[in-house]
Structures are given as C-alpha cells and as structure tokens.
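Read the numbers this way: they start at 1 and go in the same order the structure lists the ligands and their atoms.
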Amino acid sequence: MRKKMLVANWKMYKTRKEAAEFVRHFLQETEAQQPVEIVICAPFTALADLAVLLKDSGLRLGAQNMYWPDEGAFTGEISPLMLKEIGVGYVLIGHSERRRYFGEEETLIRKKVAAALAHGLKPVLCVGEDEKERHAGRTGEVIQEQLWGALDGLDLKDGLGEKIVLAYEPVWAIGTGTPARGRDADAVAGLIRSLLLKKGYGPVEGVRILYGGSVQAGNIAEFTTQKEIDGALVGGSSLAAADFAALVKAMSDRGGT
Ligand code: PEP
C-alpha cells in the first residue's frame, strides 16, 4: 500500500528565521508519529538550517529546483550533489512556475529528473494542463506529452517504483482558489498510472501520484480519498504552520490514510 504524502511548496517565501519559526510551531501542533509522509520544499537559503531542525522529526526535506550537472561554470545554479550533502531527499521538477517564468522545457526537465535519480534524490515531477488546453479538451494529450518529455530515454528498466513521485497540478488551479473536482483529478491520476504502465515503466503500483492546486484543509479529503491520488502538493496553505497542521490533521482524520 502506498503511504500518503503531503508536500509543502514554500516557493519564494520565508527567510531562515521564518522557516525556523514555522518548524517550531508546526512540530508543536502535530503528533510526532504521522501516517502521512510530510516533505517541506523550502528556499535554498533555508535548507541547511532545516536539515538540522528537522533531524529526528520524521519530516523530510525537499528543494524546489536544481540544475543537473554535479558542478561547473553555471552561475547561480545548485547541483544535486550540493543538495545531497545537506540532507535533501526530494526535489520538485517541472513545476508550472518554472516552465512559465523560467522557460523550462522537456529536454532540461528530463536531464534534471535523470540527475536526481542518479543521485538518489526523489524527483516530484509536476505535470498539468493550462486553462486553454483544458478548454480545448487536450488535458490527456498534454499530460502524455509532458510525461514522455520528462521520462523518455531514461534508464527505467527496473520500473519507477518508489523512486519518483508524480504531481498532477492543473495550472488553472494553482493559487487561484479554484481546485479541480476530486473525481476529475482522480481520472487524470489514473491516466498517468496507465500511461506509465503502457510505456513499460512498471510496476507502477508503488508510484505515488499527488494532486496540487488550491488544496486547503476544507477540501483535501476530496482528493486524498480518491483511489488513484496518494496525497497533495500544497503552496498557499503550507505557508502558515497552523494551516499546514490542519491539512495534516484533515488527512489523518478523514483523508484516506
Ligand atoms: C503549487 O504551487 O504547487 C500549488 C499547488 O499552489 P497552491 O496550493 O497555492 O495552489
């Protein structure tokens, strides 16, 4: 059975001081033993501090981006080795904000996924259609294009198993207060699993698929009780410790864990 998962994406929010305050409050508000795996994807500047603060807490640490080579003349970039060194275990790849504002495309995304896997970092690979694509009825096509773009040519003959996490994030639902419907998101998560199987990346039963886009404590159960959805990727509602703790509670109480 796949363990449910909650991933916080803090985006470009929180100084080191604010990150430390969040952790202190959050750990006060939540039980030490959780049926949910919790990952905090923090800004680079807070990662080393958080690695220390989260040690023995059961919470996992994630980055929001990385470049793919081990080192080199790439001003402003961070490598997988650097993330590993400070104890990062997860990395968001292909988030729609990286695609949209930083021009990230499939070739780069694929190199990042490959580098993360090669270094034992778990990629949380984000895919999702935008408003226009949704209205044109192209959701399935776009998901397939993005999946193949990110995974094609990778050496995945042992299957994806637990090496990677997928996040279905419809772009129109991110930060808008308008989430997808649970059953629609479940259908896309099911499509993702069947596409992976079709492509020979099986067994896929262990691959966790998250939903992201305007998730809050009041609606999380609509997603995490669906058959194919194993948790949530959360932006806005992960920024305040009380809100994020409420999400964990909602998921533990009635979220299908
Ligand atoms: C995100 O940025 O991945 C996200 C899902 O944001 P929000 O929860 O704010 O919609």
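Nearest to atom 2 (O) of ligand 1 among the protein's heavy atoms is K11 NZ, 2.6 Å. Closest to atom 5 (C) of ligand 1 among all protein heavy atoms lies E169 OE2, 3.1 Å. In terms of protein heavy atoms, atom 4 (C) of ligand 1 is closest to G235 N, 3.6 Å. Among all non-hydrogen protein atoms, the one lying nearest atom 1 (C) of ligand 1 is H95 NE2, 3.3 Å.
Distances below 4.0 Å separate heavy atoms of G236 from the following atoms of ligand 1: 7 (P), 8 (O), 9 (O). Close contacts of ligand 1 with G175, meaning ligand atoms under 4.0 Å from a residue heavy atom, involve 7 (P), 9 (O), 10 (O). For ligand 1 and G213, the ligand atoms under 4.0 Å from any heavy atom of the residue are 5 (C), 10 (O). For ligand 1, the atoms sitting less than 4.0 Å from at least one non-hydrogen atom of N9 are 1 (C), 2 (O), 3 (O), numbered in the order shown with element in parentheses.
Close N/O approach between V215 and ligand 1 is not found [any backbone or side-chain N/O within under 3.5 Å]. Residue T176 has no nitrogen or oxygen atom sitting less than 3.5 Å from a nitrogen or oxygen atom of ligand 1, judged on distance alone. Considering backbone and side-chain N/O of V234, none are found under 3.5 Å from N/O of ligand 1. The shortest N/O to N/O separation between S237 and ligand 1 does not fall below 3.5 Å. Note: no N/O pair closer than 3.5 Å links L233 and ligand 1 by distance alone.
Within 6.0 Å of the CD atom in E85, the count of heavy atoms belonging to other residues, nucleotides or ligands does not exceed 12. Heavy atoms of other residues, nucleotides or ligands lying less than 6.0 angstrom from CD of E71 number 12 at most.
W148 and E106 form no side-chain donor-acceptor contact under 3.5 Å, judged by distance and modelled atom types alone. Side chain to side chain, E37 and Y90 meet the donor-acceptor criterion of an N or O pair below 3.5 Å. Of the N and O atoms on the side chains of Y168 and E129, at least one donor lies less than 3.5 Å from an acceptor on the other residue.
With respect to D230, the side chain to side chain contact (heavy atoms under 4.5 Å, CB included) criterion is satisfied by exactly one of R2, K3, M5, M1: R2.
Salt-bridge annotation for D152 and K199: present, with a side-chain N of the basic residue lying under 4.0 Å from a carboxylate O of the acidic one.
Nearest heavy atoms, W10 versus A42: CE3-CB, 3.7 Å.
For the pair E104 (side chain) and R100 (backbone), a donor-acceptor distance under 3.5 Å is absent.
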